[in-house]
*Asks:* 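Quick one: structure below, then a few questions.
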There are 2 protein chains.
Amino acid sequence: MPWNLDDSHPIYLQLMERIQHDIISGVYQPGDKLPSVRDLALEAAVNPNTMQKALSELERSGLVYSHRTSGRFITDDSTLLKKIKTDLAQEYIGSFLEQMSRLGISRSETLEMIIQTIGGGDDDTNS
Amino acid sequence: MPWNLDDSHPIYLQLMERIQHDIISGVYQPGDKLPSVRDLALEAAVNPNTMQKALSELERSGLVYSHRTSGRFITDDSTLLKKIKTDLAQEYIGSFLEQMSRLGISRSETLEMIIQTIGGGDDDTNS
DNA sequence: ATCATTGTATTAATTGGATAATACAGATAC
DNA sequence: GTATCTGTATTATCCAATTAATACAATGAT
């Protein structure tokens, strides 16, 4: 599965986001060992340095940490995971609402449009 | 008012978005003449070439058209304006929902979070 | 000890975007 | 007419970010 990267944004940012989401949504579990930089780079079909950059940036948030020679691991701090998840979600919501507002669409209108959009396909893929 | 451009995305894209939003939200009315490339560039504090690029890109969507020597104008086709507005809004909604989904947040959860966020400040700055 | 595997550092090359400096071609004002 | 305003085109240059190629250092396995 080629990681579906597009060329309009920096690749390392897309890698960061993808991995971050995989961690937060539970694809990687707390404490898990991540595949090596080189393996991940191979899987994503990018240069190892690019993957390295993405991962080292991710460390600044505390989501992952590295053990120099034994590999890189997901944090065990599930509280932190939860916090980052809600923070990120709030950030997404905020910029989405601002985007709509700059379009001249009020908050209540936005709400209506979302309900419209969601309405048809009712899914609930969550705990 | 310096146009509030940030350095993380290409400037010409930000210019496009800003102008597009100003058109769609009615800051510029249908049929209006836009300021000249040079004036807009001055106002935004960018190089005229950058502004030129933004505007010429904008023409591809049909939102504006130019008269070679007399200036550049907003389209008069209010149906088109409306369509572009809703298209854009739908696009924003779509990618927002996808973003949340990749975070592992279901659509109904997303809806709840939005309602939460909107809840407090009830505004309705629209027709 | 040897080898493979880990993350990391360093340096080079490439690329896209922004700017700059000009020039051209119509149209309008006077 | 002339001057001035439009949008547009062209070319060169600069710079920062991204990516690439490669080497290094520490650990663990055998």
Side-chain angles (χ1 to χ4, degrees), chain A residues 2-20 22-23 28-76, chain B residues 2-20 22-23 28-76:
Chain A
W3 274 29
N4 217 58
L5 306 166
D6 79 283
D7 211 23
S8 61
H9 302 286
I11 291 182
Y12 82 95
L13 287 178
Q14 299 177 58
L15 298 178
M16 279 182 68
E17 204 175 311
R18 153 99 182 220
I19 295 169
Q20 191 173 48
D22 279 354
I23 294 173
Y28 296 118
Q29 290 294 319
D32 272 5
K33 182 176 185 305
L34 278 168
S36 77
V37 172
R38 291 167 178 80
D39 283 351
L40 280 173
L42 204 64
E43 184 188 330
V46 300
N47 188 282
N49 281 317
T50 309
M51 183 59 75
Q52 160 69 14
K53 176 162 187 180
L55 290 167
S56 64
E57 291 288 324
L58 265 190
E59 291 196 7
R60 297 196 311 175
S61 64
L63 264 187
V64 300
Y65 61 93
S66 56
H67 260 334
R68 193 73 175 83
T69 64
S70 56
R72 202 177 244 109
F73 302 84
I74 311 296
T75 180
D76 239 329
Chain B
W3 274 30
N4 217 58
L5 306 166
D6 80 282
D7 211 24
S8 62
H9 302 284
I11 292 182
Y12 81 97
L13 287 179
Q14 298 178 59
L15 298 177
M16 282 182 67
E17 203 175 312
R18 152 101 182 220
I19 295 169
Q20 190 174 49
D22 280 354
I23 293 173
Y28 297 119
Q29 291 293 319
D32 273 6
K33 182 176 183 306
L34 278 169
S36 78
V37 172
R38 292 167 178 80
D39 283 351
L40 280 173
L42 204 65
E43 184 189 330
V46 300
N47 187 280
N49 281 320
T50 309
M51 184 57 77
Q52 161 69 14
K53 176 163 186 179
L55 289 167
S56 64
E57 291 287 325
L58 263 189
E59 291 197 7
R60 296 197 312 175
S61 65
L63 265 187
V64 300
Y65 60 94
S66 56
H67 259 334
R68 191 78 175 82
T69 65
S70 56
R72 202 178 244 109
F73 302 86
I74 312 295
T75 181
D76 240 330

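Just so it is clear, the model here is predicted, and its values are computed rather than measured. Naming convention: chains lettered A, B, ... in sequence-line order (proteins, then strands); numbering from 1 in each chain.
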*Asks:* Measuring from atom CZ of B:Arg18 to atom CG of B:Leu15, what distance do you get when rounded to the nearest 0.5 angstrom?
*Replies:* 9.0 Å
*Asks:* Taking OP1 and OP2 of D:dT18, is either one under 4.0 Å from a side-chain nitrogen or oxygen of A:Tyr12?
*Replies:* yes
*Asks:* Going from CG on A:Asp76 to OH on A:Tyr65, what distance comes out if it is rounded to the nearest 0.5 angstrom?
*Replies:* 6.0 Å
*Asks:* So how far is it from B:Asp22 CG to B:Asp32 CG, rounded to the nearest 0.5 Å?
*Replies:*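 One finds 11.5 Å between CG of B:Asp22 and CG of B:Asp32.
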*Asks:* Return the value, rounded to whole Å, for the distance between atom CG of A:Asn47 and atom P of C:dT11.
*Replies:* 17 Å
*Asks:* Using the rule side-chain contact (heavy atoms from CB on, under 4.5 Å), only one of A:Met16, A:Gln14, A:His9 pairs with A:Tyr12; which is it?
*Replies:*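 One option only clears the test, and that one is A:Met16.
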*Asks:* Would you say the side chain of A:Leu58 lies within less than 4.5 Å of the side chain of A:Gln20, judging by non-hydrogen atoms?
*Replies:* yes
*Asks:* Rounded to whole angstroms, how far apart are CG on B:Asp39 and P on D:dC5?
*Replies:* 10 Å
*Asks:* List in numerical order all residues of residues 52-60 of chain B for which some heavy atom is under 4.0 Å away from an atom belonging to DNA chain C.
*Replies:* none
*Asks:* Between atom CG in A:Asn49 and atom C1' in C:dA9, what is the gap in whole Å?
*Replies:*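 Taking atom C1' of C:dA9 as the reference, CG of A:Asn49 is at 9 Å.
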*Asks:* Mark up nucleotides 23-30 of chain C, 5' to 3', with B wherever a protein heavy atom is under 4.0 angstrom from a base atom, S wherever such an atom reaches only the sugar-phosphate, and - elsewhere.
*Replies:* B-SBS---
*Asks:* Can you tell me if A:Ser36 touches the phosphate of C:dT6, counting only side-chain N or O atoms and a distance under 4.0 Å to OP1 or OP2?
*Replies:* yes
*Asks:* Find the distance A:Lys33:NZ to D:dT27:C1' and express it as a whole number of Å.
*Replies:*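 Atom NZ in A:Lys33 sits about 12 Å away from atom C1' in D:dT27.
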*Asks:* Over how many whole Å does the gap from B:Met51 atom CE to C:dA18 atom P extend?
*Replies:*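 Rounded to the whole Å, the gap is 12 Å.
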*Asks:* Out of curiosity, A:Ile23 CD1 to A:Ser61 OG, how far, rounded to the nearest 0.5 Å?
*Replies:*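 If we round to the nearest 0.5 Å, A:Ile23:CD1 and A:Ser61:OG are 7.5 Å apart.
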*Asks:* Give the rounded distance in Å between these two atoms: CG of B:Asp6 and P of C:dA18.
*Replies:*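 That distance rounds to 11 Å.
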*Asks:* I need the NE2-P distance between A:His9 and D:dT19, as an integer number of Å.
*Replies:* 13 Å
*Asks:* Can you find a heavy atom in the side chain of A:Leu63 that is under 4.5 Å from one in the side chain of A:Tyr28?
*Replies:* no
*Asks:* Answer yes or no: is there a side-chain heavy-atom contact under 4.5 Å between A:Ile19 and A:Met51?
*Replies:*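 A:Ile19 reaches A:Met51 side chain to side chain.
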*Asks:* Just how far is it from atom CD of B:Glu17 to atom CG of B:Leu5, taken to the nearest 0.5 Å?
*Replies:* 11.0 Å
*Asks:* Using atom CG of B:Asp7 as one end and atom P of C:dG16 as the other, report the distance to the nearest whole Å.
*Replies:* 18 Å
